[in-house]
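None of the values given here were measured: they were computed from a predicted structure. Reckoned from all heavy atoms, side chains included, excluding hydrogens, waters and symmetry mates. In what follows, chains are A, B, ... by sequence order, proteins preceding strands, each numbered from 1.
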There are 2 protein chains.
Amino acid sequence: MATRTDAPTRREQILKEAARLFAERGFHGVGVDEIGAAVGISGPGLYRHFPGKDAMLAELLVGISEQLLTGARRRLAETGGAAGPEAVLDSLIEGHIDFALDDRPLITLHDRELDRLRDSDRKLVRQLQRQYVELWVEVVRKVHPGLAEPAARSAVHSVFGLLNSTPHLGRPGSSPGRAATAGLLHRMARGAFAAASPAAG
Amino acid sequence: MATRTDAPTRREQILKEAARLFAERGFHGVGVDEIGAAVGISGPGLYRHFPGKDAMLAELLVGISEQLLTGARRRLAETGGAAGPEAVLDSLIEGHIDFALDDRPLITLHDRELDRLRDSDRKLVRQLQRQYVELWVEVVRKVHPGLAEPAARSAVHSVFGLLNSTPHLGRPGSSPGRAATAGLLHRMARGAFAAASPAAG
DNA sequence: CCATCAGGTTAACGAGCGCTAACGTCCCTG
DNA sequence: CAGGGACGTTAGCGCTCGTTAACCTGATGG
């Protein structure tokens with residue numbers, strides 16, 4: 001019988017620590033020796049698990065993009081049929097906020113270190129990101145039909161900027177607490193979308 | 001008599017190109033030779049104008065922070081007396097949007113490369129940023145008295161995230177055009193603040 | 001009981017970096 | 001017309017980095 005949720009493998013440890021370090025000091029600012037030290041082994045030992053430093057970043061960024069996209073598709077499928085588009089949008093916002101609050105280092109990496117990837121990986125990540133954005137755009141336009149498509153796309157990007165501000169919001173366990181912060185971000189995102197339409201007073 | 005606005009000096013050229021390169025590939029990802037090449041001189045020639053690579057980044061970040069803060073104070077002084085706090089908030093938003101749209105590389109650097117600074121410079125930048133945030137917080141709380149101070153501070157940080165999303169919004173001259181983008185961002189920022197209060201329906 | 005292999009170790013290489021040294025060349029000024 | 005400062009250049013130093021090579025060890029399994 002397997003242990004509950006299978007204790008984190010070495011690869012996963014490495015990815016987690018690498019994400020934290022990359023987010024703190026940037027991809028080029030972190031040496032492989034530091035990443036190794038963070039998981040208790042030393043520098044070149046990492047090469048038993050990854051072909052190189054680039055590969056760690058690639059796996060992180062692709063993983064983030066896939067996780068966001070598949071999560072959004074799942075939420076769309078679950079919420080889409082039963083309730084109206086408003087419920088779908090709320091679910092998308094909730095999912096993004098959960099991710100931004102629980103994996104702050106990854107959110108930081110997601111739009112910061114994309115240019116350090118090999119061409120093929122970068123193309124893949126951008127494609128996943130684009131699909132994620134387009135999924136949001138469709139839902140937003142159902143909730144706010146007065147919004148033209150280019151404006152909706154800009155609005156989605158801007159709301160991502162709003163939701164991804166979590167790294168600036170004081171460390172977990174500080175001022176407002178997680179639930180309050182999530183609620184605040186959710187209301188602000190909805191308010192921002194609602195105000196995006198030029199017609200709205 | 002001086003020429004109109006004094007043709008850009010070598011220092012200013014260097015700072016502008018360095019900002020662009022740092023924003024594109026990160027502080028550690030850009031070599032001094034590249035910065036030199038971007039202004040038509042080669043690597044070590046930069047050291048006639050700056051004591052080191054770090055100094056360029058420091059001057060950029062301190063300059064940004066000072067420009068934002070002094071601009072906000074000026075707007076507060078100009079708009080504060082005559083009209084109500086709503087007009088002040090609109091003016092702050094407008095100023096921040098102008099900056100985010102006109103100096104995208106600087107906006108990118110502003111919250112990305114802060115940790116690469118020497119301790120003293122980083123302290124200075126953080127202090128300027130904090131004053132800028134607090135100025136916003138006060139104005140926001142006058143417009144939305146139902147908002148507690150910690151929530152207001154979080155809301156301000158989140159709206160900065162929204163406004164600073166301009167680098168993701170398609171290069172200048174694309175889809176919506178500058179005025180339309182500025183208007184969209186402005187409405188969304190106001191909508192986000194308005195929705196931040198828990199009481200709001 | 002020994003072969004294998006996963007997962008480490010240390011040593012060292014080659015490239016690239018920021019920066020300094022030494023030198024050249026205008027241009028301004030007394 | 002000296003002389004000096006502003007502003008370049010190229011050569012090269014010292015260091016750090018990512019990566020490879022060579023070796024070690026403990027668990028596994030036929």
Take atom [atom1] of [X] and atom [atom2] of [N], then tell me their distance rounded to the nearest Å.
X	N	atom1	atom2	result
A:R11	C:dG8	CZ	C1'	17 Å
B:I35	C:dG16	CD1	C1'	15 Å
A:Y47	D:dA22	OH	P	18 Å
B:D33	C:dA15	CG	P	17 Å

Hey, is [X] close enough to [Y] for a salt bridge, meaning N to O under 4.0 Å?
X	Y	value
B:E24	B:R20	yes
B:D102	B:R178	yes
B:E12	B:K16	no
A:K142	A:E138	no

Salt bridge (charged side-chain N to carboxylate O under 4.0 Å, His left out) pairs touching residues 60-80 of chain B, sequence neighbours excluded, are B:R74-B:E78, B:R75-B:E94

Are [X] and [Y] side-chain neighbours, meaning at least one heavy-atom pair lies under 4.5 Å?
X	Y	value
A:H168	B:S154	no
A:H96	A:Y132	yes
B:Q129	B:L114	yes

Please enumerate all protein N or O atoms sitting under 3.5 Å from an N or O of nucleotides 9-14 of chain D, with distances to 0.1 Å.
{"unit_1": "D:dT9", "atom_1": "OP1", "unit_2": "B:S42", "atom_2": "N", "d": "3.3"}
{"unit_1": "D:dT9", "atom_1": "OP2", "unit_2": "B:S42", "atom_2": "N", "d": "2.9"}
{"unit_1": "D:dT9", "atom_1": "OP2", "unit_2": "B:S42", "atom_2": "O", "d": "3.4"}

Look at the side-chain N and O atoms of [X] and state whether any lies under 4.0 Å from the OP1 or OP2 oxygen of [N].
X	N	answer
B:R10	D:dG8	yes
B:H49	D:dA6	no
A:H28	C:dC17	no

The correct set of residues in residues 50-63 of chain A placing a heavy atom under 4.0 Å from DNA chain D is A:G52, A:K53

- Task: Name the orientation class of the two ring planes belonging to A:F160 and A:W136 (parallel below 30°, tilted from 30 to 60°, perpendicular beyond 60°).
- Result: perpendicular

Original post:
Across the strands shown, which category fits B:V30 at heavy-atom distances under 4.0 angstrom: base, sugar-phosphate, nothing?
Top reply: sugar-phosphate

